[in-house]
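The next block holds one structure in the form of structure tokens; read it before the comments.
Chain letters run A, B, ... following the sequence lines, proteins first and then strands; every chain starts at 1.
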Amino acid sequence: MLSIETVRREPEVVRRSLERRREDPGVVDELARLDAQRRALVAELDGLRAEANRDSKAVGEAMKAGDQEAAEGQRKAGREAGERIKRIEAAERDAEAKLRALLLTVPNILLDDVPDGGDESANAVTRQEGEPRSAESYGFELKPHWELAESLGITDFERGSKLAGRMFSVLGEAGARLQRALIAWMLDMHRQRHGYSERAVPYLVLRETMEGSGNLPKFADNLYHDDEDDLWLIPTAEVPLTGLHRDEILAPGTLPLRYMAHTPCFRREKAAAGTQVRGLKRLHQFDKVEMFQLVEPERSAAALEDIVEHASDVARGLGLPFRILELCSGDIGFQSAKTYDVEVWSPASEEWLEVSSCSNCTDFQARRANIRFRRKPQGRPEYVHTLNGSGLALPRVIIALLETNQQPDGTVRLPEVLVPYMDGQQVLEPAR
RNA sequence: GGAGGGAUGGCAGAGCGGACGAAUGCGGCGGUCUUGAAAACCGCUGUCCCGAGCGAUCGGGACCGUGGGUUCGAAUCCCACUCCCUCCGCCA
């Protein structure tokens, strides 16, 4: 959520950011109108309440003085003021609710250094590591991951669909073990080398928690929801991790905070309904390791670079060629002020797969979730900046791993770092 | 699911319907003392909104789990809800 003060004082900044996102800047005027309306009501209300407070006090004094007549007069005045207050209060509440509802739909203000562009074609490749090999260079016919995964016992899509419908999978023994190894290795790396503290969080959260991270009210369509208890299935661990310090004022010296969590992620993928995506590339439920940071505002730009590096370390450690994309203004998500994507190479389909999206959400989520900090014990509270990044999304890592390391006989070599996590196993072999 | 108890400032913990943004203690900050530290003593110490000022700050308003109600006036009375604790039942 933007600060209404920003909208009031620097409307042109907000407008320019919306234009760069290819969104309608008209909301800015509507916000200004609602804000002015609300402030006028607040001023009137405060005046009336001051008056009513004086009346009440006068009743007490008159009674103490034994002047029943004066007390009754003041009592009547207070009663009348109370009635007016009730009316204005209702109007003020209404104005405030309207303002907030609209404010909740406005995306974060982009950082200045975000490259301009309308869609993903304008995203800039900032760096690449490892050579993305062509399918041809392997010297044998590469199998696409969905074939490898089925033959190696990584996936069992038929049974996945039987259990839960389309875009769900069952991981077979090899897949389940491989995923568990990857998760454990990633978490260990982020803890030991990058200083993240692990959390195990709820996968179902309250509406307020979803609002805090920015997923509601705007993106309800993409979320699974339990009507009976109004609980929402998380689309990413970013949601509960953002909620962790909701309504808190962090003491001096607390920041920066680095959290990570492994969770399943649930996405309705409504937009993808009807599109043909094979295998593990797009699922309604997938596992992910998520990194999350809370930092002082002046440190968030550097922290974003750090997170990208932490995500890169995962791809690097697995020996997967990857590249970093700097998203352009039109492609950046709602909560984010600046985003980098990390993509790994899929040699069989010869395409880059997004395995991580690293975002600096500045104070946007902190404001919604009301997460503040103090620089000094008696200092004024300020909003923190929040950042998140996948580290990494598991199904697509598995895709790249299988395709990149496959051998002519249909087996797949495992990266060295995973061997200890796989009980010494070095090669995945077709299940019989 | 049933019965009972509770929710007050960073923490602990008081609070006859008016003088309560709220005693007291602890903690924190600043100071006195000290070579330094501790102890002792003194002072300060919540958040948000509106308005004024470049600003230190000042004026007004709101907030004692949340939402409603009674009243001229609610931390205090009434109702509903949420969460926590204890006991019973059920359960991985």
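Toward the 5′ end of RNA chain B lies the nearest nucleotide of A:Gly60, the other residue of the pair A:Asp35 and A:Gly60 mapping further downstream. If you find the closest nucleotide of RNA chain B to A:Gly379 and to A:Arg79, the one lying nearer the 5' end belongs to A:Gly379.
Of the C1' atoms belonging to B:C49 and B:A39, the separation is 44 Å, rounded to the nearest Å. A distance of about 23 Å separates the P atoms of B:C81 and B:U86, rounded to the whole Å. The C1' atoms of B:G55 and B:G43 are separated by 25 Å, rounded to the nearest whole Å. Across B:A23 and B:A75, the matching C1' atoms stand 14 Å from one another, rounded to whole Å. A distance of about 13 Å separates the P atoms of B:U24 and B:U45, rounded to the whole Å. One C1' atom belongs to B:C58, the other to B:C72, and the distance between them is 30 Å to the nearest Å. To the nearest whole angstrom, the two C1' atoms, one in B:A14 and one in B:C64, are 13 Å apart. The gap from the C1' atom of B:C63 to that of B:G67 amounts to 14 Å, rounded to the nearest Å.
Nucleotide B:C49 holds its P atom 10 Å from the CG atom of A:Asn370, rounded to whole Å. Put simply, OH on A:Tyr383 is 11 Å from C1' on B:U47, counting in whole angstrom units. To the nearest angstrom, C1' of B:G61 lies 15 Å from CZ of A:Arg93. Rounded to whole angstrom, the span from the CZ atom of A:Arg374 across to the C1' atom of B:G46 amounts to 7 Å. Here B:G69 presents its C1' atom at 13 Å from CD of A:Glu89, a figure rounded to the nearest Å. Summarising the geometry, the separation between CZ on A:Arg100 and P on B:C49 is reported as 13 Å, rounded to the nearest angstrom. Straight-line distance from the CD atom of A:Glu51 to the P atom of B:G73: 13 Å, rounded to whole Å. Atom-to-atom, CZ of A:Arg38 to P of B:G61 comes out at 17 Å; the value is rounded to the nearest Å.
Using a 4.0 Å heavy-atom distance criterion, A:Arg372 is classed as a sugar-phosphate-only contact. A:Arg8 comes within 4.0 angstrom of sugar-phosphate atoms only, judged by non-hydrogen atoms across all strands, and of no base. When heavy atoms are screened at a 4.0 angstrom cut-off, A:Gln74 is found touching no nucleic acid atom at all.
For B:C48, the paired base is B:G61 (Watson-Crick or G-U wobble, both distances below 3.5 Å). Across all strands shown, B:U35 remains unpaired; no Watson-Crick or G-U wobble contact has both distances below 3.5 Å. Pairing for B:G4 goes to B:C85, judged as Watson-Crick or G-U wobble with the two contacts each under 3.5 Å. Pairing partner, B:C29: B:G43, with both Watson-Crick or wobble hydrogen-bond distances short of 3.5 Å. Checking B:A14 for Watson-Crick or G-U wobble geometry (two distances, each under 3.5 Å) identifies no partner in any strand. Pairing of B:U66, defined by two Watson-Crick or G-U wobble distances under 3.5 Å, is identified with B:A80. Across all strands shown, nothing is found opposite B:C90 as a Watson-Crick or G-U wobble partner with both distances under 3.5 Å.
A donor-acceptor contact under 3.5 Å is not formed by the side chain of A:Asp46 with the base of B:G61.
Screening A:Arg193, A:His194, A:Gln192 for a side-chain hydrogen bond (donor to acceptor under 3.5 Å, both in side chains) with A:His190, the sole residue that qualifies is A:His194. Just one residue in the list A:Arg191, A:Arg258, A:His310 forms a side-chain hydrogen bond (donor to acceptor under 3.5 Å, both in side chains) with A:Tyr196, and that residue is A:His310.
Within the 4.0 Å cut-off from OP1 or OP2 of B:U71, not a single side-chain nitrogen or oxygen of A:Lys86 is found. Taking 4.0 angstrom as the limit, A:Arg75 places none of its side-chain polar atoms (N or O) nearer than this to OP1 or OP2 of B:G73. For B:G61, the OP1/OP2 oxygens have a side-chain nitrogen or oxygen of A:Asn53 closer than 4.0 Å.
Checking side-chain atoms of A:Lys218 against main-chain N and O of A:Thr105 turns up a donor-acceptor pair under 3.5 Å. Side-chain atoms of A:Thr254 come within 3.5 Å of backbone N or O of A:Ala251 as a donor-acceptor pair.
Taking the six-membered ring where tryptophan is involved, the planes of A:His284 and A:Phe168 are tilted, since the angle between them lies from 30° to 60°.
Aromatic ring centres of A:Tyr259 and A:His245 lie closer together than 6.0 Å.
Here the nucleotide nearest the side chain of A:Arg380, chosen from B:G28, B:C50, B:U47, is B:U47. Checking B:A62, B:C72, B:G60 against every side-chain atom of A:Arg49, the shortest atom distance belongs to B:A62. Nearest to the side-chain atoms of A:Pro381 among the listed nucleotides B:G51, B:C48, B:G18 stands B:C48.
For the residue pair A:Glu238 / A:Ser213, no side-chain donor-acceptor distance below 3.5 Å is found, with atom types taken as modelled.
Ion pair A:Arg374/A:Glu382 not flagged as a salt bridge, since none of the NZ, NE, NH1 or NH2 atoms sits closer than 4.0 Å to an Asp/Glu carboxylate oxygen.
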